[in-house]
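Single-structure report; data block below.
Computed from a predicted structure; not experimentally measured.
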Amino acid sequence: INNWRWLALWWHHFFLLWITIDGQTRYSIPEELKQGSVVGNLAKDLGLGLSDIYDRKLRVASEAGEQYFSVDAGKGELVVNDRIDREALCGQSISCVLPLQIVLENPLHLHRIEVEIKDINDNSPRFQTKETSLKIAESAAVGTRFVLESAEDSDVGSNSVKSYTLTKNDCFTLKMKEVEDGKTVPELVLEKPLDRERRAVHQLLLTALDGGNPVMSGTSQITITVLDINDNFPVFDKNVYKVSLQENGSKGTFVTKISATDADEGPNGEVEYSFSSRTPDSILSVFEINSLTGEVHLKGDLDYETATSYKIEITAKDKGVPEMESHCRLQIDVVDINDNTPEIVLTSEPQPVREDAPSGTVVALLNARDADSGNNSKVLLKLPKGSPFLLKPSFSNNYALVTTGPLDRERFSEYNIEITATDSGSPPLSSKKTIPVSITDVNDNPPVFTQPSYNVYLKENGVPGSILYSVSASDLDFGENAKISYSILDSKVQDVSVSSYVYINSDNGSIYSMHSFDYEKVKVFQIQVQAKDQGSPSLSSNATVHVFILDQNDNAPAVIYPSSAALGSLSHQRMPRSAKAGHLVTKVTAVDADSGHNAWISYRLAEATDASLFTVNLYTGEVRTKRAVSEQDDSSQRLLIEIKDDGEPVQSSTVTVSILLEDGLHEPILDLRQKSSEPSRKNGRITLYLIVSLASVSVLSLLTFLILAVKCIRNSRSSGSCCMRRSDCDDYKNPNRNLQIQLNTDGPIKYVEVLGGDMLSQSQSFRSCMSPMSEYSDFTLIKPSSTTDFKEVISVLDASLPDSTWTFESQQVNGYCEPMKRGTVQRDLLPPPCSLSALSVCIARSWVRGSDALVGVKIYFNLWFWYEAILDLCFGLMLFDNGW
């Protein structure tokens, strides 16, 4: 029967008694349910799926301290985890509610539910004393009431004590007396006068009944002894005494004084005070009463958090025979003081936060508690200034710790958040709690090189596989986000991928060469190195490595004139026997593919048939006579000329020149510069030619400057220089060309090199060689040594340089235009003055065409040629005036 009763009661509460109040879910269950009993379907009521229970780590946190409930993860049901005794939890409180907090993670969320514990009739009424003795004088008047002990029932409501019954007897009846708070106490009422002689002792059984179903009861045996005489009871001033006492009262503190009077005289009127025999030990240990004076003093310690009020029943007895006693109630209300510091309790452990977490991200859930009451229990939480976190209140002193702004793990990888809890008491009490919050890294910092660009200087002809340079980058991130791999971005070096030249170690950034470099082919190139981290998404940065190839002396001088010697055969020259000292026999010209000091060339006569007859200029390679030719000199002279560069080690080559001395052979016109002016009569043909040349030069000069002026005016609005076309200016304004002009003035040869620019322009180099040691200035424009076709240069020089059979009539203007078109002019090898007119015509043609190649340099050199032409014409006029 009991099992069926419990089962019916459980189903009644399960199906009918759960509701949601103010956004909170409430369940109602009876106490004493078996472990595993279902309280409610928590997942369904909270709108959660069964997978959320596992994924979001749903758990139950009880504010009561004991874990009375748990969650069946497979069904999403809230089940009973431990025995629930309502009387142990809530005592005599009408309402018994257990607040629970349902914590969900990822993201953090908090639900509050309440479980109301319903009382069942599992406790019977109980009297504190099983036997009660009463002494009643026989003179007691009919209707006199005697207060009996009330039965206590741990149950509440309808299950508490509802009625009392008394065994049938002749003299006494039972009545109920209503006291404060709506409570009633049983009173024994004398219905008939007592007669001790007839019956001195009365045995009665008092039964207390509760309102449960089924009804439960408790009994107390009452023994009434009938006494004789003393018929006045002590009378209290008040039926109820009320006192307020602060909980910090010290021992011995006076509480109040109880006063009662007895109308009798003598011992019958002397009153003694005491606590009721039913007073519990918890009161007896705190308070004491003086039996003679009725003063109540504090004996122990008060604690508002343990008991807020004490209700004490006090008895006043006289010394008559029989003793007469009266009862009153003393109510002591404990006044709370601020003696408890606030407490901060973490509802959920703090979770690591990504540094890119948005503002408002929940980090942890916490609760603020204070055991005091009223204002003393009001708690205010504070965070330190400058903290990127905020406490967001939710309900019932629950807070969520959330982010308020951007986080940066590189500045702070962990925060120790000190939260200060202060109550509103006077004086206020406070406590602190430190919550560690770790910041997880995201890939928000790209790798940074130690410098944006690197300059590497590398000697040519190095060993393949040798290390060129090591670049280094660092990343402020952490872990995989800070791991860096290096790579080379694809680019072109002379139309060849840079990856065919070098490779890089992806782990340490060391750059290695894949083969040796040749300065004559590649002088400078760029490597774009990329550093990429391992984050997701990955970040990268680039750095430029400028590799400059340093020249080594690995090329011997190459002879380009005489052409036959350059091609490997013997060079034959003719010279008249009438040649004087200083006569220019020929000129040996050589070039060196190297640069700098390695390209400085010197000439030396190594062997000769007659070393006293010829000399070779050290810097120009001009072969001249040291003395006049005599009749005794051999008609065939053989010269071995050694050509050396200035490198280390020295590279050299030789050329053999065979000179045939002939009679009757006139000196070439070129030697007229070395002759002194001799008055002679010349034919009118030459004079006419000079006059025509002068006029032509003047007209062409005027036209050239007019054209230049017009171009400057037209281009001044769109170009910074009137000597360049817009497209050329754009090229020169391009900062990526990185042009470098290097002027070398050390040594006997002065030269200028233009290096740098893009990969296409790196293969070009323009040199201006001016030798102060030469008797005549040289000016040579050639294409880069690495791409020079020596045969083409030789053919050009062959077309322009004189030999011993050179005559004016054999030279035509078009012959001299070819060197100009090819970009090569060697002025001191042109015969004056006839070649100067042809040269002027070539320059004018080249200028009028407006060639796009080397526009700025061409203007400069054209003007320079004009200047030389005018000087030569002036020299011709001087000769003409002297009768040449």
Side-chain angles (χ1 to χ4, degrees), residues 557 559-590 601-644 652-682 748 771 773-776 778 794 797-798 800-811 826 828-832 879 882-884:
V559 178
I560 62 174
Y561 185 83
S563 59
S564 57
L567 297 175
S569 61
L570 185 66
S571 174
H572 296 279
Q573 302 291 332
R574 291 183 295 171
M575 186 185 77
R577 282 186 174 274
S578 60
K580 305 299 182 181
H583 175 78
L584 176 62
V585 178
T586 186
K587 183 176 183 179
V588 177
T589 303
I601 296 176
S602 61
Y603 303 86
R604 184 180 70 88
L605 184 60
E607 296 179 6
T609 304
D610 186 353
S612 65
L613 182 57
F614 298 99
T615 182
V616 178
N617 188 285
L618 178 63
Y619 301 108
T620 65
E622 294 175 346
V623 180
R624 295 181 181 272
T625 57
K626 295 172 65 175
R627 58 178 174 80
V629 181
S630 64
E631 294 297 330
Q632 289 76 23
D633 294 327
D634 293 339
S635 60
S636 177
Q637 297 286 331
R638 188 180 184 87
L639 306 180
L640 179 63
I641 300 174
E642 182 184 24
I643 307 168
K644 297 191 299 182
S652 64
S653 59
T654 59
V655 60
T656 303
V657 179
S658 177
I659 302 174
L660 182 62
L661 303 180
E662 297 181 356
D663 294 327
L665 183 64
H666 297 287
E667 294 184 14
I669 298 176
L670 184 61
D671 289 340
L672 289 176
R673 295 183 181 180
Q674 301 172 0
K675 297 181 179 180
S676 61
S677 300
E678 298 179 2
S680 61
R681 296 172 61 95
K682 301 299 177 181
S771 174
M773 304 301 294
S774 176
E775 294 184 13
Y776 306 102
D778 297 336
I794 291 173
L797 294 176
D798 276 344
S800 58
L801 295 178
D803 56 21
S804 57
T805 61
W806 185 90
T807 59
F808 171 76
E809 289 81 1
S810 64
Q811 308 300 320
Q826 195 143 345
D828 61 339
L829 297 181
L830 297 178
L879 295 178
N882 288 307
W884 180 77

Exercise. Decide side-chain contact (heavy atoms from CB on, under 4.5 Å) for Gln573 and Val657; before the verdict, give the C-alpha distance in whole Å, the side-chain angles of both, and the deciding distance to 0.1 Å.
Key: CA-CA 7 Å; Gln573 302 291 332; Val657 179; 3.8 Å; yes
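- For the pair Thr609 and Ser636, the minimum side-chain heavy-atom distance is 4.5 Å or more.
- Going from atom CE of Met575 over to atom NE2 of His583 covers 6.0 Å, rounded to the nearest 0.5 Å.
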Exercise. Verify salt bridge (Lys or Arg N to Asp or Glu O under 4.0 Å) between Asp610 and Lys626, making sure each step is shown before the conclusion.
Key: CA-CA 11 Å; Asp610 186 353; Lys626 295 172 65 175; over 6 Å; no
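- For Tyr619 (side chain) and Tyr603 (main-chain N/O), no donor-acceptor pair under 3.5 Å exists by modelled atom type.
- Interatomic distance, CG of Leu605 versus CG of Asn617, reported as 12.5 Å (0.5 Å rounding).
- In this structure, Ser612 and Arg627 have side chains that are in contact, with non-hydrogen atoms separated by less than 4.5 Å.
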Self-check item: Residues Asp633, Leu661; criterion side-chain contact (heavy atoms from CB on, under 4.5 Å); working and verdict
Solution: CA-CA 9 Å; Asp633 294 327; Leu661 303 180; 4.2 Å; yes
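- Side-chain contact between Val655 and Ile643 is present, with at least one heavy-atom pair separated by less than 4.5 Å.
- With values rounded to the nearest 0.5 angstrom, Ser652 atom OG is found 11.5 Å from Ile601 atom CD1.
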Exercise. Using the side-chain contact (heavy atoms from CB on, under 4.5 Å) rule, take Arg577 and Ser635 through it: C-alpha gap first, then chi angles, then the decisive distance, then the call.
Key: CA-CA 9 Å; Arg577 282 186 174 274; Ser635 60; 3.4 Å; yes
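- Counting heavy atoms from C-beta on, the side chains of Val623 and Lys587 never come closer than 4.5 Å.
- Note: Leu639 CG to Leu613 CG = 8.0 Å, rounded to the nearest 0.5 Å.
- In this structure, Asp634 contributes its side chain and Gln637 its backbone to no donor-acceptor pair below 3.5 Å.
- A donor-acceptor pair under 3.5 Å is absent between the side-chain atoms of Ser658 and the main chain of Arg638, judged by distance alone.
- Note that the OG1 atom of Thr589 and the CD1 atom of Ile560 stand 5.5 Å from one another [nearest 0.5 Å].
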Practice problem: Any chance you could lay out the side-chain contact (heavy atoms from CB on, under 4.5 Å) test for Thr586 and Tyr561, step after step, and finish with the verdict? | Solution: CA-CA 9 Å; Thr586 186; Tyr561 185 83; 3.9 Å; yes
